[in-house]
Amino acid sequence: MKNFALLAIACAGLTASVYAQESGLYDPSIMHAPKDGVVKLYGAGGPHTAFQKVANAWQMKTGKRVEIIAGPERKWSAKAQSDADILWGTSEQSMTAFLETYKTFSSDQVEPIYLRPTIIAVKKGNPMKIERFEDLLKNGVKIVVTEGAGVSNTSGTGTWEDVAGRLGRLDDVRAFRRNIVAFGKGSGASLKAFKDLDADAWITWPEWPVTYADLLEEVALAPERKVWRDVNVALSPRADPEAKQFLDFLVTPEAQTLMKTEGWVR
């Protein structure tokens with residue numbers, strides 16, 4: 001019984017240490033004080049271009065300022081810990097990771113607001129004539145995928161594996177993996193790899209071919225292959241009052257029309 005008690009204490013200590021881990025970006029010396037008269041949204045690149053369209057429309061209507069700050073988290077983390085009114089996550093797992101750093105925000109404040117499906121991005125003109133997922137399994141096709149690799153918070157983590165494995169065929173995953181030429185740590189890094197390596201295909205989201213229409217075009221995945229992930233938002237309890245007003249506008253029919261231009265649907 002004594003040994004069992006000691007084991008229980010040891011296990012409890014291990015569990016506590018696991019749950020006590022902090023994000024490497026978290027800085028407890030930063031005070032979160034976002035009330036400054038400007039609505040500030042922070043998150044990873046991708047949704048930011050559609051959000052900017054909505055922000056422009058809202059600013060025209062209200063005259064109130066909105067700033068959309070996007071990109072790799074390490075570039076804006078300290079500022080967001082100081083003055084973020086709103087965080088957006090490009091997937092649920094991305095937002096869950098953010099909550100390890102931005103302690104003013106909590107899981108019960110997170111609201112999924114739009115969805116988009118995985119797609120295949122190909123070179124402009126689609127020289128390889130890629131029309132469906134199975135075309136990616138052919139010899140010689142060069143594929144870029146997006147992966148956090150345990151060091152980067154990105155919505156792309158695991159999406160290629162989900163797409164390749166959707167039908168429960170291990171051979172699909174094997175053949176697809178053999179054709180991967182780069183694992184980009186974030187969508188921006190994946191886009192760079194796509195260009196630098198002259199890749200043929202990239203498993204990504206609809207907003208990227210829209211934003212880089214001179215370089216990319218979209219090939220839709222069949223319904224049974226698509227993976228859907230949401231964009232979600234969290235409002236700071238200390239936010240400027242206008243921040244809630246902007247979030248309300250962000251899901252209006254007018255905003256939905258703007259978001260849909262980049263593949264976001266409700």
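FYI, side chains are in, hydrogens and waters are out, and symmetry mates aren't considered; it's all heavy atoms of this structure. As the structure is a computational prediction, the values presented were derived from the model and not from experiment. Residue numbers start at 1 and run along the sequence shown.
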Salt-bridge contact [X]-[Y] (side-chain N to carboxylate O under 4.0 Å):
{"X": "E161", "Y": "R166", "answer": "no"}
{"X": "K75", "Y": "E73", "answer": "no"}
{"X": "K123", "Y": "E217", "answer": "no"}
{"X": "K61", "Y": "E254", "answer": "yes"}

Using a 4.5 Å cut-off on heavy atoms from C-beta on, say whether the side chain of [Y] contacts that of [X].
{"X": "D135", "Y": "M128", "value": "no"}
{"X": "V122", "Y": "D200", "value": "no"}
{"X": "K244", "Y": "L235", "value": "yes"}
{"X": "S190", "Y": "T204", "value": "no"}
{"X": "V66", "Y": "V38", "value": "no"}
{"X": "R225", "Y": "D172", "value": "yes"}

Quiz prompt | CZ (R177) with more than 12 external heavy atoms under 6.0 Å | solution =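 Open: at most 12 neighbouring heavy atoms sit under 6.0 Å from CZ of R177.
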Quiz item: Should we say atom NZ of K142 is surrounded by more than 12 heavy atoms from elsewhere, each under 6.0 Å from it?
Solution: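 For K142, atom NZ is crowded (more than 12 foreign heavy atoms under 6.0 Å).
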Parallel, tilted or perpendicular: which fits the ring planes of [X] and [Y], with parallel below 30° and perpendicular above 60°?
{"X": "F246", "Y": "F249", "result": "tilted"}
{"X": "Y42", "Y": "W76", "result": "tilted"}
{"X": "F133", "Y": "F176", "result": "parallel"}

Quiz prompt | F105 and H32: CA distance, side-chain angles, deciding distance, ring-ring contact (aromatic ring centres under 6.0 Å, His included) verdict | solution = CA-CA 10 Å; F105 299 82; H32 185 63; 5.6 Å; yes
Straight-line distance of [X] [atom1] to [Y] [atom2], nearest 0.5 Å:
{"X": "L216", "Y": "W208", "atom1": "CG", "atom2": "CH2", "answer": "9.5 Å"}
{"X": "L99", "Y": "S106", "atom1": "CG", "atom2": "OG", "answer": "7.5 Å"}
{"X": "D230", "Y": "E111", "atom1": "CG", "atom2": "CD", "answer": "9.5 Å"}

Answer with yes or no whether the hydrophobic clustering places [X] together with [Y]; edges join I, L, V, M, F, W, Y residues whose side-chain heavy atoms lie under 4.5 Å apart.
{"X": "V210", "Y": "Y212", "result": "no"}
{"X": "I180", "Y": "L221", "result": "yes"}
{"X": "V54", "Y": "V39", "result": "yes"}
{"X": "W264", "Y": "M95", "result": "no"}

Quiz item: Pick from D85, D240, D83: which one makes a side-chain hydrogen bond (donor to acceptor under 3.5 Å, both in side chains) with K40?
Solution: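 With K40 as partner, D85, D240, D83 yield a single side-chain hydrogen bond (donor to acceptor under 3.5 Å, both in side chains), made by D83.
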Quick one: does [X]'s side chain have a donor or acceptor within less than 3.5 Å of a partner on [Y]'s backbone?
{"X": "N153", "Y": "S94", "answer": "yes"}
{"X": "T252", "Y": "D248", "answer": "no"}
{"X": "R229", "Y": "L115", "answer": "no"}

Quiz item: Can you check salt bridge (Lys or Arg N to Asp or Glu O under 4.0 Å) on R65 and E67, steps first, answer last?
Solution: CA-CA 7 Å; R65 288 181 58 199; E67 290 185 12; 2.6 Å; yes
Please tell me whether [X] and [Y] have a donor and an acceptor in their side chains that are separated by less than 3.5 angstrom.
{"X": "S236", "Y": "Y102", "value": "no"}
{"X": "T118", "Y": "W205", "value": "no"}
{"X": "E207", "Y": "T49", "value": "no"}
{"X": "W160", "Y": "E147", "value": "yes"}
{"X": "T154", "Y": "K185", "value": "no"}
{"X": "T96", "Y": "E92", "value": "no"}

Heavy atoms only: give me the nearest [X]-[Y] pair and the separation to one decimal.
{"X": "G263", "Y": "P117", "value": "O-CD, 4.2 Å"}
{"X": "N179", "Y": "K138", "value": "ND2-O, 2.9 Å"}
{"X": "I119", "Y": "A121", "value": "CD1-N, 3.7 Å"}

Practice problem: Examine K103 relative to Y26 and say whether NZ or CZ is less than 6.0 Å from the centre of the six-membered ring and inside a 45° cone about the ring axis. | Solution: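 Relative to the ring axis of Y26, which defines the angle, K103 lies inside both limits.
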